[in-house]
Amino acid sequence: MVQQAALLSPEALVAEFKKNGVTHIITIPDSETNYLYELMRVQPWLDVIPASREGETMAIAMGLSIAGKTPVCLIQNTGMMESGDSIRGMGLDSGLPLVLVVGYRGWTRHGITPDSAARYTEPFLQAFGLKYYLVEHDGDADRISLAFQDARATNRPVVVLVGDEYHGFNR
Amino acid sequence: MNAADAFRAFQKHREKAIVIVSGTSGRHWRGVSTNEKRDAALGGAMGHTTSACLGLALGLPGEKVCLFDSEGALQMNLGILTTIAGKQPKNFFHFLMDNECYATTGGQPVPNAQNVDYAGLAKSAGYAAAYHFDNLEDFSTNVGQILKQQGPVFISMKVKPEVENEPIGRRQRVAARSRAEVIHDLRQEIGIKVG
């Protein structure tokens, strides 16, 4: 069985958040990011805002951005699809930069994706005209900085898909 | 109570609070407000003005943030009550103008319209305090004292519905600032520099 050469560590993601001046993470933890949640909670420079539904996260982010903060929405692809109206009205229509880090549930590298959450994820992003980057391991982590650059240059939401095929953040 | 009268009672105690309104009742605020640059229209997604106001309150802990929500919008995202309570923003005042219906679509009742205890929901969710008013006199007497409390505070008000039946395309539009103008004005007023 072919294994991925390297894994995406929570430390790499948190380091990218710090490098890009992130102040708040608005999140609903999912199975792909549960270890990340614990690591974020202990960072003194980062305020974690647990939300009750994913659509809240883009709206809370808009309020924070107006206040001059740098929020990130950390959700799963299933919740992203639930949030279409919020992505439209609070993300795209706000004219503010925003990075969404989205757990890519069901992602596989061989092209056969039994999970419909994965099958619809990229078509969903394309329908909204959202640019996205796939991050699978630590070697891809600098793509997160590219997402921040794009978001700031375009004043639009940009998505980072966390496609962690084999293990997620479950340890 | 009448929404415009409730706004006039609030205005006497507003001081420099940032005010956000939603719903059909909220349109009366424009004729009452004396500080448009601290009025922020944060609508745009169903039920999520409340969430945007939480973000604003958390980002501006030194500013008082007052939202005049509507019960139809709140019912679309009741979970926000727990999200707000979880962060306990001391500067957040969550007013609810409850007219028991979707006034903007013809007055159809919201689910269980006459029987929902919104103040009870907020208090149970973990707000620092919650109040309910069904008449203007009591609201006018108490609103000043409530605004001196530590948030998050929830203030539910029963207001008279002002139902619109005209198709949206035929309704008279009032010129309003764009989202970009609202953000620019508010940032300038508060002294936030970005980029």
Side-chain angles (χ1 to χ4, degrees), chain A residues 20-29 37 41 46-73 75 79-80 82-98 128 148-149 151-157, chain B residues 18 20 22 38 40-63 65 67 69 73-89 91-92 125-126 178-195:
Chain A
N20 287 284
V22 175
T23 56
H24 295 75
I25 298 284
I26 313 142
T27 184
I28 298 182
Y37 183 79
R41 276 183 47 204
L46 192 59
D47 190 357
V48 177
I49 303 173
S52 59
R53 201 70 181 125
E54 285 83 354
E56 288 176 16
T57 66
M58 299 87 192
I60 294 170
M62 185 185 79
L64 286 163
S65 294
I66 292 170
K69 307 300 181 187
T70 304
V72 160
C73 300
I75 58 175
M80 178 186 73
E82 167 83 9
S83 307
D85 190 48
S86 197
I87 290 171
R88 176 199 60 78
M90 297 300 191
L92 289 163
D93 285 359
S94 75
L96 297 168
L98 175 64
F128 278 81
F148 278 99
Q149 287 171 25
R152 288 173 179 139
T154 60
N155 285 322
R156 286 169 61 90
Chain B
I18 297 167
I20 303 97
S22 73
R38 282 182 173 259
L42 298 181
M46 294 191 300
H48 286 304
T49 302
T50 324
S51 315
C53 291
L54 171 62
L56 197 63
L58 292 173
L60 298 170
E63 301 284 347
V65 175
L67 164 66
D69 210 344
L74 184 61
Q75 282 209 9
M76 289 187 179
N77 187 29
L78 270 177
I80 190 65
L81 294 176
T82 62
T83 306
I84 291 166
K87 295 305 288 184
Q88 290 289 305
N91 56 334
F92 187 52
S178 68
R179 172 74 59 82
E181 289 168 329
V182 167
I183 293 172
H184 173 268
D185 289 350
L186 186 59
R187 282 176 166 172
Q188 191 173 53
E189 172 74 13
I190 294 167
I192 295 170
K193 291 190 172 74
V194 177

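The structure presented is a predicted model; accordingly, all values stated were derived computationally and were not measured. Here is how names work: the chains are called A, B, and so on, in the same order as the sequence lines, proteins then strands, and each is numbered from 1.
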Find the distance between [atom1] ([X]) and [atom2] ([Y]) and round it off to the nearest 0.5 Å.
{"X": "B:Ile183", "Y": "A:Met62", "atom1": "CD1", "atom2": "CE", "result": "6.5 Å"}
{"X": "A:Leu64", "Y": "B:Leu54", "atom1": "CG", "atom2": "CG", "result": "7.5 Å"}
{"X": "B:Arg179", "Y": "A:Met90", "atom1": "CZ", "atom2": "CE", "result": "6.0 Å"}
{"X": "B:Thr83", "Y": "A:Ile28", "atom1": "OG1", "atom2": "CD1", "result": "7.5 Å"}

Inset, instruction - For a side-chain contact (heavy atoms from CB on, under 4.5 Å) with A:Ile66, tell me which candidate from B:Leu42, B:Ile192, B:Ile18 qualifies. - result: B:Leu42

Legend entry - Partner of B:His48 under side-chain contact (heavy atoms from CB on, under 4.5 Å), chosen from A:Glu56, A:Arg53, A:Met58: A:Glu56

Inset, instruction - Name the option with the most non-hydrogen atom pairs under 4.5 Å to chain B; the candidates are A:Gly55, A:Gly95, A:Ala51. - result: A:Gly55

Legend entry - Largest heavy-atom contact set with chain B, pairs under 4.5 Å, which of A:Asp85, A:Thr57, A:Thr23: A:Asp85

Inset, instruction - Please identify each residue that fulfils side chain to side chain donor-acceptor pair (under 3.5 Å) with B:Glu189, with sequence neighbours left out. - result: B:Arg38

Legend entry - Choice from B:Thr49, B:Leu58, B:Leu78, B:Ile80 maximising heavy atom contacts with chain A below 4.5 Å: B:Ile80

Inset, instruction - Among B:Gly79, B:Cys53, B:Ser51, B:Gly44, single out the residue with the greatest number of heavy-atom pairs under 4.5 Å to chain A. - result: B:Ser51

Inset, instruction - State, yes or no, whether a side-chain contact exists between A:Leu96 and B:Val194 at a heavy-atom distance under 4.5 Å. - result: no

Legend entry - Close side-chain approach of B:Lys87 and A:Asp47, heavy atoms under 4.5 Å: yes

Legend entry - Heavy-atom proximity to chain A below 4.5 Å, by part of B:Leu186: side chain

Legend entry - Counterpart residues, side-chain contact (heavy atoms from CB on, under 4.5 Å), relative to B:Asn91 (two or more places apart): B:Ala57, B:Val65, B:Pro89

Inset, instruction - Identify the heavy atoms of A:Ser52 and B:Thr82 that sit nearest to each other, and give their distance. - result: CB-OG1, 4.0 Å

